[in-house]
Amino acid sequence: MAKITSVRGFRDILPDETPKWQRVEEKIREIFFNFGIQEIRTPVLEKTELFKRGIGEATDIVEKEMYTFLDRGNEYLTMRPEATASVIRAYIEHHIYEKDPVAKLFTIGPMFRRERPQKGRFRQFHQINVEFLGQEDPRIDAELMSMLMYLLSEVGLAKLKLEINSLGCDKCRPAFREKVTGFLKNREEDLCEDCRRRLVTNPLRIFDCKNESCQEIISGAPVILDFICVECKQHFEKVKEHLGILHIPFIINTKMVRGLDYYTRTAFEITTQSLGAQNAVTGGGRYDGLVQMLGGPNISGIGFAIGFDRLISMIPDADGQDAKRPNIFIAALGDKAQSFAFSLCNTLRLAGIRAEMDFSNRSLKSQMKRSNKLNCSHTLIIGEKEMEKGAAQLRNMGDGTQESVDINDSDSIVEQFTVKPVTVNREP
RNA sequence: GUGGGUGUAGCUCAGUUGGUUAGAGUGCCUGGUUGUGGCCCAGGAGGUGGGGGGUUCAAGUCCCCUCAUUCACCCCA
């Protein structure tokens, strides 16, 4: 029979890697807890319309990267390419703003975009999203970014670069957009092929172009910060001020624009070296018009997304951080001992002890080897002799010492391996 | 969607200008003690050379097609 392989761009995360994912996720949840951010879980499948309206019809994501299909009910559905639109949809649908004027939400899960896979880019990838809703105060922008920087350093990333910019609002951005378009129209012939196309579809993206000649042209282009309105300007000033208060280093990148249409005012991106071309670990920004655009009240919001896969690939391996719990391997020799061990193994597990055994009834040497390989702290040896005497040999795999234990007194074995519970006082 | 690289054992990879039984390390199994792991030693299993076609007396090696993968562009987290 021919092998069935996974779908292109969809990968398996194997047992070797999952402890790292768990460790990082645990750390992140802990930080979110301290910052008062609650988890929300939304479906992977949404109506296509949600993303068309939320992300923007003319964006690359919507135009050519979404997994969209006509459902049996004659309705277009899409595997979510990002999470913000879904979270806002749920926020509106369940009237979360009625319960509390401010909502701090996070979600973790797979997203889907049909791009050509490469380093740090998969068709199913994972994001950690945070959305702060109902807060227009620039301090929340600073709070969000400082938390993000803290979070990334806590999970082990170094040499992070925070870049910020303001994209203005729907009052001032259109004017700037026109200004830029006008400026670039005059130099259209010198732009690269892609940028000539962008001039029509999304002129602001030309700022991002890596082509040298385009960069040269754009360096003389109007700067958005000179065009944003007084309110946006003040907001941006306050954001910078409060990042300073929290001692968060940042650089202003007036050329940074975002790829999704819903962003307004504050936009930011954090990059590192070690990722190859996909150097963006995380990015985000303010989206004050999005809630309304999706049929809700006029509520402001700001959020970010971390590329979980990229994050994981940059974090050094645990190296013993996944602490070995006391555990035991039962080496049973002979049929009688094997069936006794089968039952004992279960008893130990039910008592909360990680226990393993080998059903093969192989030589003691082989079973010892396996115990060693599994990194067991102890091996309980039960053979014919032990079955007769009712006393097995408990070998410490660290120092090689052995002691005799009563095999019918499983309670005392359990006691030896039980970790003393640590009491945690957590405010309700 | 565009361009380049790479597909040889479970894994990481060698393999000279085409040449006879395709190798190493690691992992796996067994043995070196009547029933004691790690280190060491010995032996063993494991390969349709990604797939298909072609050139040739002869192809893992050269050519074409195809698939997969990877890096970059694009785009983004």
Side-chain angles (χ1 to χ4, degrees), chain A residues 2-3 5-9 11 14 16 55 59-66 81-84 108-130 148 152 192-195 197-198 201-202 205 208-211 256-260 263 268-272 275-285 303-314 329 331-334 337 358 360-386 392-402:
Chain A
K3 262 191 239 172
T5 59
S6 66
V7 176
R8 181 173 169 78
R11 61 175 182 149
L14 301 173
D16 281 351
I55 300 170
T59 57
D60 276 25
I61 296 177
V62 173
E63 261 181 359
K64 48 195 187 197
E65 295 174 1
M66 295 204 304
E82 61 113 36
T84 303
I108 296 179
M111 308 293 156
F112 307 85
R113 292 183 200 172
R114 219 200 108 96
E115 298 177 273
R116 191 89 170 254
Q118 68 183 72
K119 193 180 178 68
R121 192 169 78 187
F122 308 97
R123 290 181 172 184
Q124 174 177 330
F125 61 104
H126 302 79
Q127 282 190 346
I128 302 159
N129 280 256
V130 169
L148 183 52
L152 294 175
C192 70
E193 202 181 314
D194 288 324
C195 285
R197 179 177 49 81
R198 289 188 186 120
T201 59
N202 196 348
R205 285 229 69 95
D208 270 348
C209 186
K210 281 152 192 151
N211 187 303
M256 184 183 58
V257 292
R258 309 259 66 225
L260 289 75
Y263 287 112
F268 60 93
E269 206 167 277
I270 297 173
T271 53
T272 65
L275 267 179
Q278 310 304 316
N279 61 353
V281 206
T282 166
F304 63 75
I306 300 173
F308 207 161
D309 309 69
R310 290 180 186 179
L311 180 65
I312 292 289
S313 72
M314 284 184 293
F329 186 90
L333 304 159
D358 191 326
S360 68
N361 201 4
R362 294 192 287 180
S363 70
L364 179 58
K365 179 176 178 162
S366 295
Q367 296 196 46
M368 292 296 291
K369 274 189 177 171
R370 181 151 177 79
S371 172
N372 189 60
K373 196 192 165 195
L374 294 176
N375 231 331
C376 296
S377 65
H378 291 76
T379 304
L380 187 69
I381 301 165
I382 311 174
E384 311 270 321
K385 284 188 284 188
E386 285 77 11
Q393 292 295 309
L394 182 64
R395 181 180 178 86
N396 181 320
M397 298 299 279
D399 58 23
T401 56
Q402 281 184 200

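Lettering follows sequence order; numbering is per chain, from 1.
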Taking the P atom of each, how far is B:rC73 from B:rC13, in whole Å? 23 Å
Mind checking the P distance from B:rU21 to B:rA14? Whole angstroms is fine. 24 Å
Return the polar atom pairs (N/O with N/O) between nucleotides 38-45 of chain B and the protein under 3.5 Å, or none.
residue : atom : partner  : partner atom : Å
B:rG38  : O4'  : A:Asn372 : ND2          : 3.0

Pairwise P distance for B:rC71 and B:rU26, with rounding to whole Å: 29 Å
Just jot down the side chain to side chain donor-acceptor pair (under 3.5 Å) partners of A:Thr282, sequence neighbours excluded, or say none. none
Considering only nitrogen or oxygen atoms on both sides, find all protein atoms under 3.5 Å from nucleotides 1-8 of chain B and state each distance.
residue : atom : partner  : partner atom : Å
B:rU2   : O4   : A:Arg116 : NH1          : 2.3

Stems involving RNA chain B: give each as a range paired with a range, ordered by first number, where a stem means at least three consecutive Watson-Crick or G-U wobble pairs under 3.5 Å. B:1-7 with B:67-73, B:10-13 with B:23-26, B:28-32 with B:40-44, B:50-54 with B:62-66
Span that lies between the C1' atom of B:rG46 and that of B:rU8, in whole angstrom: 14 Å
In whole Å, what is the span from the CG atom of A:Leu380 to the C1' atom of B:rG35? 14 Å
From B:rA77, B:rC73, B:rU30, pick the nucleotide closest to the side chain of A:Arg362? B:rU30
Of the options B:rC75, B:rC73, B:rA77, whose atoms approach the side-chain atoms of A:Glu65 most closely? B:rC75
Can you measure from CD (A:Gln393) to CG (A:Leu380) and round to the nearest 0.5 angstrom? 9.0 Å
Nearest to the side chain of A:Asp60, heavy atoms from C-beta on, is which of B:rC74, B:rA77, B:rC28? B:rC74
Tell me the interatomic distance from A:Ile270, atom CD1, to B:rC76, atom C1', rounded to whole angstroms. 15 Å
Among B:rG27, B:rC76, B:rG35, which nucleotide has an atom closest to any side-chain atom of A:Leu364? B:rG35
Sequence neighbours left out, what passes ring pair (Phe, Tyr, Trp, His ring centres under 6.0 Å) with A:Phe308? Give chain and number order. A:Trp21
Salt bridge (Lys or Arg N to Asp or Glu O under 4.0 Å) partners for A:Arg362, two or more places apart: A:Asp358
Under 3.5 Å donor-acceptor pair, A:Gln402 side-chain atoms to B:rU36 base atoms: yes
Any donor and acceptor pair, going by atom type alone, linking the side chain of A:Arg310 with main-chain N or O of A:Ala280 inside 3.5 Å? yes
Pairwise P distance, B:rC29 and B:rG10 [rounded to whole Å]: 16 Å
Quick one: which of B:rU30, B:rA72, B:rG35 gets closest to the side chain of A:Leu333? B:rG35
Using the P atom in both, what is the distance from B:rA24 to B:rA45, to the nearest Å? 12 Å
Stacking of A:Phe125 on B:rA77 base (centres under 5.5 Å, planes under 30°): yes
Would you say A:Thr379 places a side-chain N or O within less than 4.0 Å of OP1 or OP2 belonging to B:rG37? no
